[in-house]
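Here is the structure we will look at, set down as structure tokens.
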Number of protein chains: 2
Amino acid sequence: MNNTELTIKAKIKYVQDTLFVISGKWKLSIMIAVSQGNHRFRDIQRNVPSISTRVLSKELKELELNKLLSRKVDEWQPKLVEYAVTPYCKSLAPVVESMIEWGRNHRKKIAEK
Amino acid sequence: MNNTELTIKAKIKYVQDTLFVISGKWKLSIMIAVSQGNHRFRDIQRNVPSISTRVLSKELKELELNKLLSRKVDEWQPKLVEYAVTPYCKSLAPVVESMIEWGRNHRKKIAEK
DNA sequence: CTGTATCCATGATGATACTG
DNA sequence: CAGTATCATCATGGATACAG
């Protein structure tokens, strides 16, 4: 599938959607922390240095809304919540890979006089 | 070239770099407006609805810094400035295309119950 | 433990007047 | 025409206390 038939406005809208989902200071770091086995709120906070509870809570909600993370609750006492990356999260790989590639080259480009 | 040998921290850094260059409310719209033949400050402003001169000025500077736009001045009176997309700007195509593709699919995904 | 509520600092954006 | 300066507003993030 390619996107040649889309209007420019539609393209911009889709790109902004994608930007919105992955941008911000923390989202990628959180996804990586979770994918590496940190499933609890505190574990994630420990592994994403200097994030506050308020912000972490908000980011987790957005990631869950976008179906990139799942949230499972056992209503025992004390409450037990488990976060995990969803299979859908993997669909971001082409986007992220192309951004890594471009950003990596861009450093050199900007360093040139 | 692939990026499998990079550390996670490096990957995040590169992705954040890329995000920084293309994110924000206006950058993509401005690049498109310029690429479609709007080379003058006023033309760009007319074609990117509701952007203020202050913000347009700032965004143009950042795009120029990142070598995505060129700026050429003829010091006549009245002053004549021409903006144009650089060849380097085209290197963003894979990133933008993958984001269009993902964002397009994501709309459907989120709409699902 | 897993968050929410509150308050505050900072930065981004907007409106508009003005300069060379 | 191509911006800059100034002031107001708003969104975002951080620190911390505390609730269930």
Side-chain angles (χ1 to χ4, degrees), chain A residues 12-13 15-31 33-34 36-66 68-85, chain B residues 12-13 15-31 33-34 36-66 68-85:
Chain A
I12 291 180
K13 187 184 64 175
V15 174
Q16 304 284 29
D17 284 352
T18 305
L19 278 173
F20 196 77
V21 171
I22 63 175
S23 72
K25 209 168 161 184
W26 305 111
K27 295 223 174 59
L28 286 162
S29 302
I30 292 169
M31 280 190 267
V34 175
Q36 291 193 324
N38 300 287
H39 298 300
R40 315 289 298 279
F41 193 93
R42 279 200 82 228
D43 294 335
I44 301 168
Q45 189 170 21
R46 259 196 303 266
N47 282 277
V48 180
S50 80
I51 192 170
S52 71
T53 59
R54 199 182 78 94
V55 174
L56 178 55
S57 171
K58 179 176 149 280
E59 302 281 90
L60 286 170
K61 270 179 193 161
E62 291 180 21
L63 288 167
E64 192 196 350
L65 250 173
N66 284 306
L68 299 173
L69 292 184
S70 62
R71 181 174 180 277
K72 188 169 133 279
V73 190
D74 273 341
E75 278 297 355
W76 298 57
Q77 287 304 341
K79 193 158 75 175
L80 198 71
V81 180
E82 298 241 321
Y83 291 93
V85 294
Chain B
I12 291 180
K13 186 185 65 177
V15 174
Q16 305 284 29
D17 284 352
T18 304
L19 279 173
F20 196 77
V21 171
I22 63 175
S23 72
K25 209 168 161 183
W26 306 111
K27 296 225 174 60
L28 286 164
S29 302
I30 292 169
M31 279 190 268
V34 175
Q36 290 193 321
N38 301 287
H39 299 300
R40 316 289 298 277
F41 192 93
R42 280 200 80 228
D43 294 334
I44 300 168
Q45 188 170 20
R46 259 196 304 266
N47 282 277
V48 180
S50 81
I51 192 169
S52 71
T53 58
R54 201 181 78 91
V55 173
L56 178 54
S57 171
K58 180 175 148 282
E59 302 281 89
L60 286 171
K61 270 178 193 161
E62 291 180 21
L63 289 168
E64 193 195 350
L65 251 173
N66 284 307
L68 298 172
L69 292 184
S70 62
R71 181 174 179 278
K72 189 169 131 279
V73 189
D74 273 340
E75 277 298 355
W76 298 57
Q77 286 306 339
K79 193 158 75 175
L80 198 71
V81 180
E82 298 240 320
Y83 291 94
V85 294

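Protein chains get the first letters and strands the later ones, always in sequence-line order, with residue 1 at the start of each. Only heavy atoms go into these numbers, but all of them, side chains included; no hydrogens, no water, no symmetry mates. Keep in mind that this is a model prediction, so the values were computed, not measured.
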>> Counting only side-chain nitrogens and oxygens, does A/R71 get under 4.0 Å of the OP1 or OP2 atom of C/dG3?
In response: yes
>> Distance check, rounded to the nearest 0.5 Å: B/K58 atom NZ versus B/T53 atom OG1?
In response: 13.0 Å
> What's the CG-C1' distance between B/N38 and D/dC1, to the nearest Å?
Replying inline: 15 Å
>> Taking side-chain contact (heavy atoms from CB on, under 4.5 Å) as the definition, give me every residue that meets it alongside B/L80, ordered by chain and number, with sequence neighbours left out.
In response: B/R40, B/D74
> Phosphate oxygens OP1/OP2 of C/dG3: is one of them under 4.0 Å from a side-chain N or O of A/Y83?
Replying inline: yes
> Please give, in whole Å, the distance from C/dG3 P to A/D43 CG?
Replying inline: 12 Å
>> Closest-nucleotide mapping onto DNA chain C: is B/S50 or A/R46 further toward the 5' terminus? I mean the 5' end.
In response: A/R46
> Is there a side-chain contact between B/L60 and B/R71, using heavy atoms and a 4.5 Å cut-off?
Replying inline: no
> So which of residues 52-61 of chain B are in contact with DNA chain C, with a heavy-atom cut-off of under 4.0 Å?
Replying inline: B/T53, B/R54, B/V55, B/K58
>> Return whichever of A/F20 or B/H39 has its heavy-atom-nearest nucleotide of DNA chain D closer to the 5' end.
In response: B/H39
>> Looking at D/dC1, I'd like to know if its phosphate oxygens (OP1 or OP2) sit under 4.0 Å from a side-chain N or O belonging to B/R40.
In response: no
> Just wondering, do B/N38 and B/V48 contact through their side chains at under 4.5 Å, heavy atoms?
Replying inline: no
>> If I take atom CG in residue A/L19 and atom P in nucleotide C/dA12, what distance separates them, rounded to the nearest angstrom?
In response: 16 Å
> Just how far, in rounded Å, is P of D/dG3 from CD of B/E62?
Replying inline: 15 Å
>> Looking at A/V21, is its backbone amide N or carbonyl O close enough to the side chain of A/E62 to form a donor-acceptor pair, meaning the two atoms are under 3.5 Å apart?
In response: no
> Between atom NZ in B/K72 and atom C1' in D/dG3, what is the gap in whole Å?
Replying inline: 18 Å
> Is there side-chain contact between B/F41 and B/V81, with at least one heavy-atom pair below 4.5 Å?
Replying inline: no
>> Contact between A/V15 and B/I22 at the side-chain level, heavy atoms closer than 4.5 Å - yes or no?
In response: no
>> What is the distance, to the nearest angstrom, from the CZ atom on B/F41 to the P atom on D/dC1?
In response: 11 Å
> To the nearest angstrom, how far is B/L80 atom CG from C/dG20 atom C1'?
Replying inline: 15 Å
>> So B/V34 and B/L69, do their side chains get closer than 4.5 Å, heavy atoms only?
In response: yes
> Which of residues 21-30 of chain B have a heavy atom under 4.0 Å from DNA chain D?
Replying inline: none
> Roughly, in whole Å, what's the span from CG in A/L69 to P in C/dT2?
Replying inline: 15 Å
>> Can you tell me how far apart OG (A/S29) and CD (B/Q16) are? Round to the nearest 0.5 Å.
In response: 6.0 Å
